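In what follows, chains are A, B, ... by sequence order, proteins preceding strands, each numbered from 1. All values reported here derive from a predicted model rather than from experimental measurement.
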Amino acid sequence: MWTWFYKLASPPYVFGVAASFRPWLFGAAALAIGYGLIAGLGFAPPDYQQGDAFRIIYVHVPAAIMSVTVYTVMAAASAVALIWRIKVGHAVAAASAPIGASLTLLALVTGSLWGKPMWGTYWAWDPRLTSELILLFLYVGVMSLRSAFEDPAQGDRAAALLAVVGVVNVPIVHFSVVWWNSLHQGATIVTLEGPKMPGSMLWPLLSMWLGFMLFYGAVLCIRVQGEVLNRERQSAWVREAIKS
Amino acid sequence: MSSFWSMGGYARYVWPCFGITGVVLLWNLWAARRSLNAARLKVARALAMAASEAQ
């Protein structure tokens, strides 16, 4: 049953799987994002309070959710690499960091563009915004630390340690709107009472969320291939793969 | 159609958000492909050097 899990520790296996999954993930991401954009921009009704400005959620919410999801993936891969000394873990963590950083920046910028008409300001030192900014700094820290060492293995270990320690910020980002007084609205999609949005607004949002996840998977596949090639360039299988 | 583009008066906030999102997604794609191509090139160069040294 666990054979597939053990196989994920093998660089050539991961390289091959990433190559074969990539086009399917891109195709599915294009379909989900395409549907989300058309339905969200063209068919979802305006919000009774926020008007058409609410449509910003179709890019802001998926980016914000993915910013913490990618960090969690990066921290889990780092933990696997540190505990079981599986090199592919470092490759996945290194590949995830720039994607997560760009999505966190996107969440901050789109949130700020939504904040101006709704709150009257582009930025407030609100718990949700501040913890999201700390998340961006963590991503930048992990990437900088990895490249700060001459010995790549040392850089990998230091970056992995920071990624694992920094995962404490993930629940802070999520629960900041519950634990502290916040300008930011609370949970809308995942609540005990069910989503607080009508289906015509919710389905495009879920589709965009799925599209962003699939897109992350597709880009991760490309980056992991590059990381594996870099780390395994002395191996015979890499030379064979490049020759063919 | 003009009401679609004006976004109920919020066009200057809504459209830049979608534009920036497009830029970020395309950048991710471009940067990932560039890093994979660079890794491929590095291995190919190492192979070529090893072959020329062997001759």
Inset, instruction - Using non-hydrogen atoms and a 4.5 Å limit, figure out which bit of B:Ala44 sits close to chain A: side chain, backbone, both or neither. - result: both
Legend entry - Contacting region of A:Leu41 [heavy-atom separation from chain B under 4.5 Å]: both
Inset, instruction - May I have all residue pairs that pass ring-ring contact (aromatic ring centres under 6.0 Å, His included) and include part of residues 36-55 of chain B, sequence neighbours excluded? - result: none
Inset, instruction - Between chain B and each of A:Val224, A:Leu220, A:Leu106, A:Val219, count heavy-atom pairs under 4.5 Å; write down the option with the most. - result: A:Leu106
Inset, instruction - Please determine, among A:Cys221, A:Gly51, A:Pro117, the option with the most heavy-atom pairs under 4.5 Å with chain B. - result: A:Pro117
Legend entry - Neighbour count >12 (heavy atoms, 6.0 Å) for atom CZ, B:Phe4: yes
Legend entry - Contacting moiety of A:Val109, where chain B heavy atoms sit under 4.5 Å: side chain
Inset, instruction - Search all heavy atoms of B:Pro16 against all heavy atoms of A:Leu113 and return the closest pair with its distance. - result: CB-CD1, 4.1 Å
Inset, instruction - Heavy-atom distances under 4.5 Å only: say whether B:Ala31 touches chain A with side chain, backbone, both or neither. - result: both
Inset, instruction - Sort A:Leu37 into side chain, backbone, both or neither according to what part of it lies under 4.5 angstrom from a heavy atom of chain B. - result: side chain
Inset, instruction - Using non-hydrogen atoms and a 4.5 Å limit, figure out which bit of B:Val14 sits close to chain A: side chain, backbone, both or neither. - result: both
Legend entry - Counterpart residues, side-chain contact (heavy atoms from CB on, under 4.5 Å), relative to A:Ala158 (two or more places apart): A:Leu145, A:Phe149
Inset, instruction - Go through B:Val23, B:Leu29, B:Leu25 and name the one with the most non-hydrogen pairs under 4.5 angstrom from chain A. - result: B:Leu25
Between chain A and chain B, which donor-acceptor pairs sit under 3.5 Å apart?
{"unit_1": "B:Gly8", "atom_1": "N", "unit_2": "A:Asp52", "atom_2": "OD2", "d": "3.3"}
{"unit_1": "B:Asn28", "atom_1": "ND2", "unit_2": "A:Ser102", "atom_2": "OG", "d": "2.9"}
{"unit_1": "B:Lys42", "atom_1": "NZ", "unit_2": "A:Asn230", "atom_2": "OD1", "d": "3.3"}

Legend entry - Contact class of A:Phe54 relative to chain B, heavy atoms under 4.5 angstrom: neither
Legend entry - Pairwise distance CG(A:Leu229) to CG(B:Leu41) - rounded to 0.5 angstrom: 11.5 Å
Inset, instruction - Compare every heavy atom of B:Ala39 with every heavy atom of A:Gly226, then report the nearest pair and how far apart it is. - result: O-CB, 3.5 Å
Legend entry - Minimal non-hydrogen separation, A:Ile56 against B:Cys17, with atom names: CG2-SG, 3.6 Å
Inset, instruction - Go through the structure and list residues passing side-chain contact (heavy atoms from CB on, under 4.5 Å) with A:Ala29, not counting sequence neighbours. - result: A:Leu214, A:Phe215
